[in-house]
Amino acid sequence: MGIEPGERGVGLSGGALPDGGAPDAGRAVVPCDSGSCSSQAAGSCRATPGAVPDPTPSSWLANPRSTREVLDAFGLFAKHRLGQNFLVSDGVIARILELAELGPDDVVFEVGPGIGTLTVALLRQAGAVVSVEADRALEPVLAQTCERDSERFALVMGDALRVDAEGLSSAVAALGLAGIDPEPRLLVSNLPYQVAATVILRTLEHMPRVRREVVMVQAEVADRIAATPGGRDYGAYTAKLGLYAQVTGRFEVGPGNFMPPPHVQSAVVRIDRRPCLGPDGTPLSPEHVAACAGVIDAAFAQRRKTIRNSMGASGFDRERLDAAFSATGTAPTTRAERLATADFVRLAEALGW
């Protein structure tokens with residue numbers, strides 16, 4: 001997350017990291033303090049009592065001392081009122097990497113690298129990392145924290161909601177890496193919370209070659225992502241996400257893993273792309289997926305109304321709706337939150353896409 005120039009201290013252009021930003025093998029690894037951890041990849045974020053700390057942490061920045069050193073070197077500080085919290089747990093970083101399952105040829109897309117805490121860990125395992133950062137004050141910081149692997153690191157300054165696969169691929173191609181397809185295959189990020197939900201869905205919609213997302217978000221956003229029909233957190237967002245992917249892992253991250261501790265709970269979610277199938281079992285075309293998304297939006301447009309009334313108010317012909325409900329066995333008096341993504345796909349087909 002972003003940081004701002006301090007009122008007193010070294011100017012951005014004059015910042016220099018202690019020891020050139022090299023990791024200190026003696027720094028302790030801070031374990032996840034959440035107390036709960038669940039995913040398809042079994043394991044806990046807690047360190048084993050009495051275990052010897054790993055002398056080679058996943059991220060040399062993921063501890064309070066190194067984070068303070070970087071902030072002090074560049075005259076920067078975090079502000080609670082701007083939602084600025086820095087991840088200082090290497091145990092959490094390690095679990096993120098475990099869920100991501102990176103390969104040496106993978107290109108990773110990262111949003112909101114901050115000072116590079118997760119970025120430096122990604123660079124150790126991936127073929128290349130392309131990060132998008134909106135705060136230009138962080139450009140010189142990242143140039144130093146990621147200096148060790150700078151030949152495989154592309155930084156795009158701008159709004160993550162405006163970048164596309166072509167722009168990201170161009171940034172990676174400019175690195176001139178032999179044998180690396182420059183188009184991103186994974187989104188792995190500690191996402192800025194205010195844009196997290198949008199980035200997750202937008203990436204799946206507009207970057208079809210991204211096969212997996214491993215993202216840290218507010219726990220309430222993770223609940224929406226993983227919700228099931230009929231649940232309190234299930235809505236249009238969850239149903240549309242199901243057109244592209246499914247949740248395959250999650251673990252909780254407590255406030256103590258950040259500096260300063262936020263006032264919210266966080267979670268890391270793994271989302272794997274899977275083809276959305278039509279009623280005949282064949283993958284849907286992009287046009288059909290878009291039609292399904294339109295049906296979902298209309299069904300949830302007036303959540304307290306029945307699906308017939310909500311879709312009718314959104315412009316769907318009521319006679320066609322009644323025929324589609326009959327053909328799919330959908331009760332017109334039901335509410336949208338009772339229907340799974342597959343139900344909306346069948347309804348969209350019955351409506352003629």
Looking at side-chain heavy atoms only, is the closest gap between [X] and [Y] below 4.5 Å?
{"X": "Leu186", "Y": "Val214", "value": "no"}
{"X": "Asp90", "Y": "Asn63", "value": "no"}
{"X": "Pro332", "Y": "Thr306", "value": "no"}
{"X": "Pro184", "Y": "Val130", "value": "yes"}
{"X": "Val70", "Y": "Phe86", "value": "no"}
{"X": "Val221", "Y": "Leu191", "value": "no"}
{"X": "Tyr244", "Y": "Pro208", "value": "no"}
{"X": "Val92", "Y": "Leu87", "value": "yes"}

For [X] and [Y], indicate whether the former's side chain and the latter's backbone hold a donor-acceptor pair under 3.5 Å.
{"X": "Thr145", "Y": "Ile115", "result": "yes"}
{"X": "Asp343", "Y": "Ala340", "result": "yes"}
{"X": "Ser169", "Y": "Ala165", "result": "yes"}
{"X": "Asp149", "Y": "Arg152", "result": "no"}
{"X": "Ser58", "Y": "Ile93", "result": "no"}
{"X": "Ser150", "Y": "Cys146", "result": "no"}

Thr248 vs Asp272, side-chain hydrogen bond (donor to acceptor under 3.5 Å, both in side chains): CA-CA, chis, key distance, verdict | CA-CA 7 Å; Thr248 57; Asp272 283 312; 2.7 Å; yes
Which heavy-atom pair separates [X] from [Y] by the least distance, and what is that distance?
{"X": "Ala171", "Y": "Ala154", "answer": "O-CB, 3.7 Å"}
{"X": "Gly312", "Y": "Leu321", "answer": "N-CD1, 3.8 Å"}
{"X": "Val88", "Y": "Pro64", "answer": "CB-N, 3.8 Å"}
{"X": "Pro182", "Y": "Ala173", "answer": "CB-N, 3.8 Å"}
{"X": "Gln265", "Y": "Gly254", "answer": "OE1-CA, 3.8 Å"}
{"X": "Arg335", "Y": "Lys305", "answer": "CG-O, 3.5 Å"}

Kindly write out the residues that satisfy side chain to side chain contact (heavy atoms under 4.5 Å, CB included) with Ala299, not counting sequence neighbours, or none if the list is empty.
-> Ile307, Met311, Ala336, Phe344
Look at the side-chain heavy atoms of Ile, Leu, Val, Met, Phe, Trp and Tyr, link any pair under 4.5 Å apart, and say whether [X] and [Y] land in one connected group.
{"X": "Met157", "Y": "Phe153", "value": "yes"}
{"X": "Phe251", "Y": "Val264", "value": "yes"}
{"X": "Leu161", "Y": "Val210", "value": "yes"}

As an exercise, state the distance from [atom1] of [X] to [atom2] of [Y], rounded to the nearest 0.5 Å.
{"X": "Gln218", "Y": "Ser266", "atom1": "CD", "atom2": "OG", "answer": "7.0 Å"}
{"X": "Met216", "Y": "Ser189", "atom1": "CE", "atom2": "OG", "answer": "10.5 Å"}
{"X": "Thr203", "Y": "Arg273", "atom1": "OG1", "atom2": "CZ", "answer": "9.0 Å"}
{"X": "Asn85", "Y": "Asn257", "atom1": "CG", "atom2": "CG", "answer": "11.5 Å"}
{"X": "Ser89", "Y": "Phe258", "atom1": "OG", "atom2": "CZ", "answer": "8.5 Å"}
{"X": "Glu110", "Y": "Leu123", "atom1": "CD", "atom2": "CG", "answer": "8.5 Å"}

Applied to residues 216-227, the salt bridge (charged side-chain N to carboxylate O under 4.0 Å, His left out) test, sequence neighbours excluded, yields Asp223-Arg250
Start with the C-alpha gap between Arg308 and Asp322, add the side-chain angles, then the distance that decides, and say whether side chain to side chain contact (heavy atoms under 4.5 Å, CB included) holds.
-> CA-CA 8 Å; Arg308 183 180 188 274; Asp322 289 339; 2.7 Å; yes
Whether [Y] and [X] form a salt bridge (side-chain N of Lys/Arg under 4.0 Å from carboxylate O of Asp/Glu) is what I want to check.
{"X": "Arg202", "Y": "Glu205", "result": "no"}
{"X": "Glu139", "Y": "Arg136", "result": "yes"}
{"X": "Arg270", "Y": "Glu101", "result": "yes"}
{"X": "Asp159", "Y": "Arg162", "result": "yes"}

Determine whether more than 12 heavy atoms belonging to other residues, nucleotides or ligands lie under 6.0 Å from atom CZ of Arg338.
-> no
When you look at CD of Glu151, are more than 12 heavy atoms from neighbouring residues, nucleotides or ligands closer to it than 6.0 Å?
-> yes
Apply side chain to side chain contact (heavy atoms under 4.5 Å, CB included) to the pair Arg304 and Asn309, showing each step before the final yes or no.
-> CA-CA 10 Å; Arg304 293 186 178 183; Asn309 288 340; over 6 Å; no
Yes or no on side chain to side chain contact (heavy atoms under 4.5 Å, CB included) for Val247 and Ile225, after CA distance, side-chain angles and deciding distance?
-> CA-CA 8 Å; Val247 175; Ile225 291 170; 3.5 Å; yes
Intermediate values then yes/no, side chain to side chain contact (heavy atoms under 4.5 Å, CB included), Thr119 and Leu61 = CA-CA 10 Å; Thr119 318; Leu61 284 166; over 6 Å; no
Paired with Asp106, the salt bridge (charged side-chain N to carboxylate O under 4.0 Å, His left out) test is passed by just one of Arg185, Arg211, Arg212, namely Arg211
